[in-house]
Amino acid sequence: MILCTNKMEYPLRSQCQRVQKQVMVNGEKERVSLLVMKALVSRGSVDAVSQQMATHPQYLESFLRTQHYILHMDGPLPLPYRHYIAIMAAARHHCDYLVYLHSAQFLRVGGDHLWLQSLEAAPPRLRLLDHINKVLAHQPWLTACSHIQTLLKAGEQCWSLAELVQAVVILAHCHSLCSFVFGCDVNPDFALFSKSPNDTLPAFCPYDAANGNTNVPQSLAAPSEHRTRRRSLESSCEMVFLRERIQKSQEERDKREEQFLQTHQQTDMEEEEEMICFADPSRFITDPDFCYQEFSRREEDRFQVLRIQDYSWEDHGFSLVNRLYSDIGHLLDDRFRSVATLPSLHSPDLKRAVWNYIHCVLGIRYDDYDYGEVNQLLEPDLKLYIKAVACFPDATKTLMCPLSLTAAKSSERIHINLLIMEARLQAELLYALRAITQYMIT
């Protein structure tokens with residue numbers, strides 16, 4: 001009897017492929033789980049933005065690493081300054097979600113609650129950032145060497161070059177994050193630092209998730225995944241670090257509980273701070289009429305085109321920002337590369353069209369690119385959506401999502417918004433870093 005080996009191998013090969021695919025899927029789930037646990041440990045909860053980005057774990061890891069570095073790690077700016085700058089940036093786009101989030105974090109790192117009454121209540125050094133904040137947010141091509149000079153030569157209130165670079169990175173990061181928040185319709189009512197009814201402490205502590213607590217809310221994890229996630233953490237090389245952070249956070253939580261039980265009431269100061277957390281973003285804005293204007297239709301802007309051949313991220317921006325703010329260039333570059341290489345149903349040509357179109361409406365040109373491809377690959381309603389999210393994101397509250405995105409999977413819609421966010425981030429950084437370069441060579 002002769003056996004056909006090909007027929008025998010086919011089902012085995014198919015089974016192996018299915019097993020391999022399942023292993024890959026499980027690996028991605030484990031990766032998302034670890035990232036979620038990191039977010040729980042570092043912030044006490046998984047914010048709505050991270051939940052949206054979790055559909056792309058490769059990018060989420062890069063995003064969280066960069067955000068944690070600029071807001072919490074070593075740098076020339078004090079922690080309260082960093083979050084206040086983030087508030088100023090988010091307020092330009094009336095992003096209630098980010099204003100509230102960073103107001104709460106500002107208070108948690110020891111910020112003066114009086115600063116949250118208005119921009120006028122902040123120190124003069126922070127108020128000096130207001131002009132470059134509004135320019136980068138709405139018309140970044142206007143960023144000039146004179147703006148940098150004003151900040152660096154302001155007498156007693158002057159900024160150092162290292163401080164200014166970190167401030168600019170935070171501004172650009174938060175401006176572009178506003179685009180993602182509005183583009184993905186992130187729920188502005190999501191309370192990162194919430195209390196249970198009657199001012200009692202919540203029964204669930206987010207840090208318990210890393211300890212295998214099966215009472216984790218369904219929105220964070222399915223019960224069947226708890227043991228798998230716990231094994232994943234225990235096998236991770238970062239487990240020791242996470243355990244130390246968890247233990248420290250648990251001790252801080254126990255201390256807060258003890259203080260709460262002793263007082264049985266919130267002080268007037270805490271109540272005042274809680275109200276300020278929900279402050280109207282407009283109190284941090286000056287010149288509210290300053291907004292985005294069509295770059296191509298303004299005669300005086302023709303001469304302000306930034307040609308990528310003259311000043312690019314790869315050849316100029318990366319090395320400058322990395323020299324003035326150690327390691328941030330590598331982290332930002334990793335974000336740009338991650339979003340460009342994400343697996344997607346969108347073709348590379350379409351992703352490039354999205355990226356170059358955003359840079360185009362912000363005054364950046366690629367001489368070696370045929371912009372006719374933009375109209376060929378992007379439907380008119382998709383172009384309108386991309387431009388709105390990139391240039392005036394708060395207007396997307398009333399903007400209909402294009403049909404091409406409505407019919408797409410959630411991960412594909414989020415991917416488009418990630419491209420918009422990163423393209424805008426790079427554009428703002430290029431304009432700011434070019435102005436700093438001009439200042440340094442004059």
Side-chain angles (χ1 to χ4, degrees), residues 49 52-53 55-56 59 63 92-95 98 136-141 172-186 291-298 301 305-306 308 313 335-336 338-366 369-431:
V49 168
Q52 294 271 4
M53 293 182 183
T55 57
H56 298 284
Y59 174 82
F63 174 85
R92 285 307 312 184
H93 290 305
H94 304 277
C95 186
L98 291 180
L136 284 175
H138 304 295
Q139 300 178 38
W141 54 88
H173 169 81
C174 291
H175 291 156
S176 59
L177 188 55
C178 287
S179 291
F180 183 84
V181 168
F182 285 113
C184 289
D185 195 24
V186 173
C291 58
Y292 174 81
Q293 296 187 18
E294 293 287 346
F295 180 87
S296 59
R297 296 180 185 177
R298 290 170 56 86
D301 289 336
V305 172
L306 192 159
I308 213 70
W313 168 256
R335 279 179 60 173
F336 299 145
S338 293
V339 77
T341 57
L342 285 179
S344 171
L345 297 178
H346 303 301
S347 68
D349 290 340
L350 186 142
K351 289 190 287 187
R352 186 184 182 194
V354 171
W355 187 278
N356 289 359
Y357 176 60
I358 294 167
H359 279 192
C360 177
V361 298
L362 293 176
I364 299 175
R365 299 289 191 274
Y366 294 78
Y369 181 70
D370 179 9
Y371 284 90
E373 290 187 7
V374 172
N375 291 330
Q376 295 175 4
L377 297 172
L378 304 180
E379 297 292 334
D381 59 343
L382 180 57
K383 284 179 61 180
L384 177 62
Y385 174 83
I386 291 171
K387 184 176 182 179
V389 173
C391 302
F392 32 90
D394 42 319
T396 58
K397 294 177 182 178
T398 57
L399 185 67
M400 293 294 293
C401 185
L403 293 177
S404 55
L405 286 185
T406 303
K409 293 182 179 180
S410 175
S411 61
E412 297 301 318
R413 294 197 300 270
I414 292 173
H415 187 196
I416 290 293
N417 280 284
L418 291 177
L419 283 169
I420 296 172
M421 177 174 68
E422 292 301 321
R424 179 183 178 181
L425 171 63
Q426 189 179 100
E428 288 193 29
L429 289 174
L430 285 176
Y431 280 116

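Position 1 is the first residue of the sequence; numbering continues from there. What you see is a predicted model; the values in this text were computed from it and never measured.
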Please tabulate, for the side chains in residues 353-362, all donor-acceptor contacts under 3.5 angstrom to protein atoms that are two or more places apart in sequence or on a different chain.
unit_1	atom_1	unit_2	atom_2	d
H359	ND1	Y366	OH	2.9
H359	NE2	A423	O	3.0

Could you check if a side-chain atom of C184 sits within less than 4.5 angstrom of a side-chain atom of R413, using non-hydrogen atoms only? no

Please work out whether the ring planes of H346 and H415 are parallel, tilted or perpendicular, with thresholds of 30° and 60°. tilted

Taking all non-hydrogen atoms of both residues into account, name the closest pair between I414 and Q52 and its distance. CD1-O, 3.2 Å

Restricting to ring-ring contact (aromatic ring centres under 6.0 Å, His included), what partner residues turn up for Y431, sequence neighbours left out? none

Measure the shortest side-chain to side-chain distance between W141 and L306 over non-hydrogen atoms and say whether it is less than 4.5 angstrom. no

So, H175 and R92: side-chain donor and acceptor under 3.5 Å apart, yes or no? no

Hey, do the aromatic rings of F63 and H173 have their centres closer than 6.0 Å? yes

Taking S176 for the side chain and E422 for the main chain, is one N or O donor matched with an acceptor at less than 3.5 Å? no

Rounded at 0.5 Å granularity, tell me how far CG in L419 sits from CG in L350. 8.5 Å

At what distance, to the nearest 0.5 angstrom, does SG of C95 lie from CG of L177? 7.0 Å

Side chains of I420 and F180: closer than 4.5 Å at any heavy-atom pair? no

For residues C174 and L98, report the shortest heavy-atom separation together with the two atoms involved. O-CD1, 4.1 Å

Any side-chain heavy-atom pair from V389 and F182 closer than 4.5 angstrom? no

Could you report the tightest heavy-atom contact between P393 and C391, atom names first, then the distance? CD-C, 3.6 Å

Closest approach of S179 to R424 (non-hydrogen atoms, all atoms of both residues): OG-NH1, 3.0 Å

Compare all side-chain heavy atoms of Y59 with those of R335 and state whether any distance is below 4.5 angstrom. yes

Minimum heavy-atom distance C178-H93, with the two atoms named: CB-CD2, 3.9 Å

Side-chain contact test, heavy atoms from C-beta onward, threshold under 4.5 Å: evaluate it for N417 versus Y385 and give yes or no. yes

K383 to L378 - nearest heavy-atom pair and separation: CG-CB, 3.6 Å

Partner residues of D349 under the side chain to side chain contact (heavy atoms under 4.5 Å, CB included) criterion, sequence neighbours left out: S347, L377

Distance (rounded to the nearest 0.5 Å) between K387 NZ and F392 CZ: 6.0 Å

